[in-house]
2 protein chains.
Amino acid sequence: MNKKPKSGTNQAVVLDLDAVIATVDAEKPQVLLVSADGSDARPSLPSGPFDPEGDRTMEEGLRRWVEEQTGLTVGFVEQLYTFGDLFRDPDALAGGPRSISVGYVALIRQSAAKRPAGSDWFDWYRLFPWEDWRNGRPAVLNEVLKPKISSWIDEADNAKAKRARRGRADVAFGFSDAGWDADRVLERYELLYEAGLVAETVIDGRIKTRQNQSDAHAWTGLPLHQDHRRILATALGRLRGKIRYRPVIFEVMPIEFTLLQLQRAVEALTGAPLHKQNFRRLVAAEGLVEPTGRVSSETGGRPAELFSFRPDVVRERPAPGVRMPRGRRTK
Amino acid sequence: MNKKPKSGTNQAVVLDLDAVIATVDAEKPQVLLVSADGSDARPSLPSGPFDPEGDRTMEEGLRRWVEEQTGLTVGFVEQLYTFGDLFRDPDALAGGPRSISVGYVALIRQSAAKRPAGSDWFDWYRLFPWEDWRNGRPAVLNEVLKPKISSWIDEADNAKAKRARRGRADVAFGFSDAGWDADRVLERYELLYEAGLVAETVIDGRIKTRQNQSDAHAWTGLPLHQDHRRILATALGRLRGKIRYRPVIFEVMPIEFTLLQLQRAVEALTGAPLHKQNFRRLVAAEGLVEPTGRVSSETGGRPAELFSFRPDVVRERPAPGVRMPRGRRTK
DNA sequence: ACACTTATACTTATTTTGAGCATATGGGGG
DNA sequence: CCCCCATATGCTCAAAATAAGTATAAGTGT
């Protein structure tokens, strides 16, 4: 339990701070990505160095470079996970310094969501097409992924490994009774990665890909630089979970909003459709919002009342968030 | 959005892997701490270096040194958080290399819980006395913490800051309608830290302590090395949350157990008492366990049936875990 | 046989959920 | 102006989940 580095080895690493900057705009979930330079290069997450001599905390460092580089001032920030696998970085494999990234999610309001130079807002489901259940079960699941996952299962070395693979797939993709669990974004991405079904797979050559160029991006989503899609999967899963017991959704909403807008934002992140009447009942019962007295007549039908977040709810409820069907057995 | 280090500064940091190794033994939640050497020194979390040249992944590195140093083989391992605040490490303030720790929780079964040399199992609630509600609201809350927190609130510079402090305290400690939220372990510890109510407060001298030596450890818990208690608070909060939707509790149970033992283990971690009949009904309804056919007559009364974890539950339920009263308004 | 202890089964009122129907209130076209 | 259309909002109702008991079972020790 000592901390002395083994003599003769270099223990130093370089820390990067990677940011998943997310919002919901026009009912679409969006994430900020840095456009690739080269022709076949992949977009990447905005990222900045951690400065051990200047930044008192990592979160401070993150806010600093996000502000410097994008001009965006982010509100809600949460640390996600620290990514340090060897194969995430080809340079380290080649003998360079080991690169470690601390991933963060940052949420930003629609109105503030201008487009910084060199980067673009991407629809989240361009990266994870199988995660969008707002219009029912995505076709890609049955038509593409399920059969390919089945082959991957069958290719396992022995019966035991096969069972293990099948079990993982059942749980992650809800092929069994459990049904689809929206929070398991990372498990799904990791399975697809291991099965060679996403374009990132081949970084370290350990796993052979089963992609062919034609269907690739349309079906299995836009590949990103290094392991950035894994970081995004972590972020989406975390947000989906958190939305249920913390009022994070309001971090992406404008100050005033209609209940339908709120519902659409929740649906955009969770990827699941919600029952309108029940949604408003739950939101009201939970005390999450209060009417502002104003109305919005942008929608065409009867004008909707405008609401705003009621911060006091956190003092009244132990776990204030958007209540949602828990065990939806949608297969 | 480039990653090039600023020239002239040293960007390298040293990564440690800190492990919260936890179990539940004889209905008591336990955590492994390394005994302090000096007389007034504080216990610390077991910790090992991350070896960028040897460890393919950080988790692998963690398992490696835990095995090497303690002889324990841990099962469930989950990354918690990466701690990098400047003031966590006095050496860095003095100009040494910046130290960053990646915290992990590892769970281990009771039976495997021998005592490695140089370390000891500590009851979790020796460190967080206010977190143990198994026998009702802990006395320390009203008798010690509440008044001291009140003074801290009153000492705020202006009315706005005062309101902010009160709001935080209300939420964290459930002084308002929301009641006690068992998951907010970290929020509570951080508030106590800022209020100078735990002995660790003074590391960087920014905040004055309001501890006096006599009541210190009995009331506000055993202080640990550096920010290790913060890491533990993170771990406890995370486990308490996770227990509800993932079958993690079985990672600390023996292979066979009675339903009451299971209940006691859950209570030990969540810190809340549960209704016995409902607990067993929920556990059964959730399909978490299956009878082994054997019975245990260690208890004195009617022998209890022995159960074991039913792994298939993860295929049947989207979020299998121990159902618990959600909004318990226990003030 | 009896007291005592713990385990387990069953009952009941209440709350929460899921789903749908009904009504309200605006705009626009005739 | 009136009717149609679209969306918003209010309300009902059955089913399921929950919280809190009461009752009964099955061992041990005297």
Side-chain angles (χ1 to χ4, degrees), chain A residues 27 133 136 179 244-245 256-267 270 272-307 317-330, chain B residues 26-27 133 136 179 244-245 256-267 270 272-307 316-330:
Chain A
E27 311 191 345
W133 287 58
R244 257 182 265 124
Y245 62 95
E256 292 196 328
F257 47 82
T258 70
L259 291 181
L260 187 59
Q261 284 167 351
L262 183 65
Q263 180 183 341
R264 294 291 180 229
V266 172
E267 290 172 336
T270 61
L274 294 170
H275 184 279
K276 192 166 170 179
Q277 294 93 319
N278 289 344
F279 177 81
R280 53 174 50 242
R281 182 184 52 186
L282 289 174
V283 164
E286 196 77 5
L288 285 166
V289 298
E290 60 195 351
T292 64
R294 281 176 289 277
V295 292
S296 153
S297 17
E298 290 173 3
T299 44
R302 169 174 171 177
E305 205 170 351
L306 285 167
F307 291 83
R317 296 258 162 183
V322 178
R323 293 267 139 325
M324 266 171 297
R326 201 178 66 85
R328 58 172 42 244
R329 297 295 167 83
T330 341
Chain B
E27 311 192 344
W133 287 57
R244 255 180 268 123
Y245 62 95
E256 292 196 328
F257 47 83
T258 70
L259 291 181
L260 187 58
Q261 284 168 351
L262 182 65
Q263 180 183 342
R264 294 293 179 227
V266 171
E267 289 172 336
T270 61
L274 293 169
H275 185 279
K276 191 167 169 179
Q277 295 92 322
N278 288 345
F279 177 81
R280 56 174 46 243
R281 181 169 46 83
L282 289 174
V283 164
E286 196 77 5
L288 286 166
V289 298
E290 60 194 352
T292 63
R294 279 176 290 277
V295 291
S296 152
S297 17
E298 291 173 2
T299 45
R302 168 175 171 177
E305 205 170 352
L306 284 166
F307 291 83
E316 297 163 2
R317 297 258 163 183
V322 178
R323 293 267 138 324
M324 267 171 296
R326 199 177 67 85
R328 58 171 42 239
R329 295 297 167 81
T330 340

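Chain identifiers are assigned alphabetically (A, B, ...) following the order of the sequence lines, protein sequences preceding nucleic acid strands; residue numbering begins at 1 within each chain.
- One interatomic measurement links the two molecules: CZ of B:Arg281 to P of D:dG21, which rounds to 14 Å at whole-angstrom precision.
- Distance A:Asn278 CG to D:dA14 P: 16 Å, rounded to the nearest Å.
- Remark: C1' of D:dT9 and CD of A:Gln263 are 13 Å apart, rounded to the nearest angstrom.
- Below the 3.5 angstrom threshold, one finds no donor paired with an acceptor across the side chain of B:Arg280 and the base of C:dA9.
- B:Leu259 places none of its side-chain heavy atoms less than 4.5 Å from the side chain of B:Gln263.
- A:His275 places its NE2 atom 7 Å from the P atom of C:dA19, with the value rounded to the nearest Å.
- The interatomic distance linking B:Arg317 (CZ) with D:dA16 (C1') rounds to 12 Å, in whole Å.
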Are any protein N/O atoms closer than 3.5 Å to N/O atoms in nucleotides 28-30 of chain D? If there are, list each pair with its distance.
unit_1: D:dT28; atom_1: O4'; unit_2: B:Gly300; atom_2: O; d: 3.3

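- Atom CD of B:Glu305 is separated from atom P of D:dG27 by 12 Å (rounded to the nearest Å).
- B:Phe279 has its side chain out of reach of B:Leu260: every pair of non-hydrogen atoms, C-beta onward, lies at least 4.5 Å apart.
- One finds the CE atom of B:Met324 at 5.5 Å from the CZ atom of B:Arg244 (value rounded to the nearest 0.5 Å).
- The nucleotide whose nearest atom lies closest to any side-chain atom of A:Leu260 is, among C:dT6, C:dT8, D:dT7, D:dT7.
- Atom CG of A:Leu306 and atom C1' of D:dA8 are 12 Å apart (whole Å).
- Of the side-chain N and O atoms in B:Lys276, none sit less than 4.0 angstrom from OP1 or OP2 of C:dT8.
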Considering only nitrogen or oxygen atoms on both sides, find all protein atoms under 3.5 Å from nucleotides 23-25 of chain D and state each distance.
unit_1: D:dA25; atom_1: N3; unit_2: B:Arg302; atom_2: NH1; d: 3.0

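- If you measure from atom CZ of A:Arg323 to atom P of D:dA16, you get 21 Å, rounded to the nearest angstrom.
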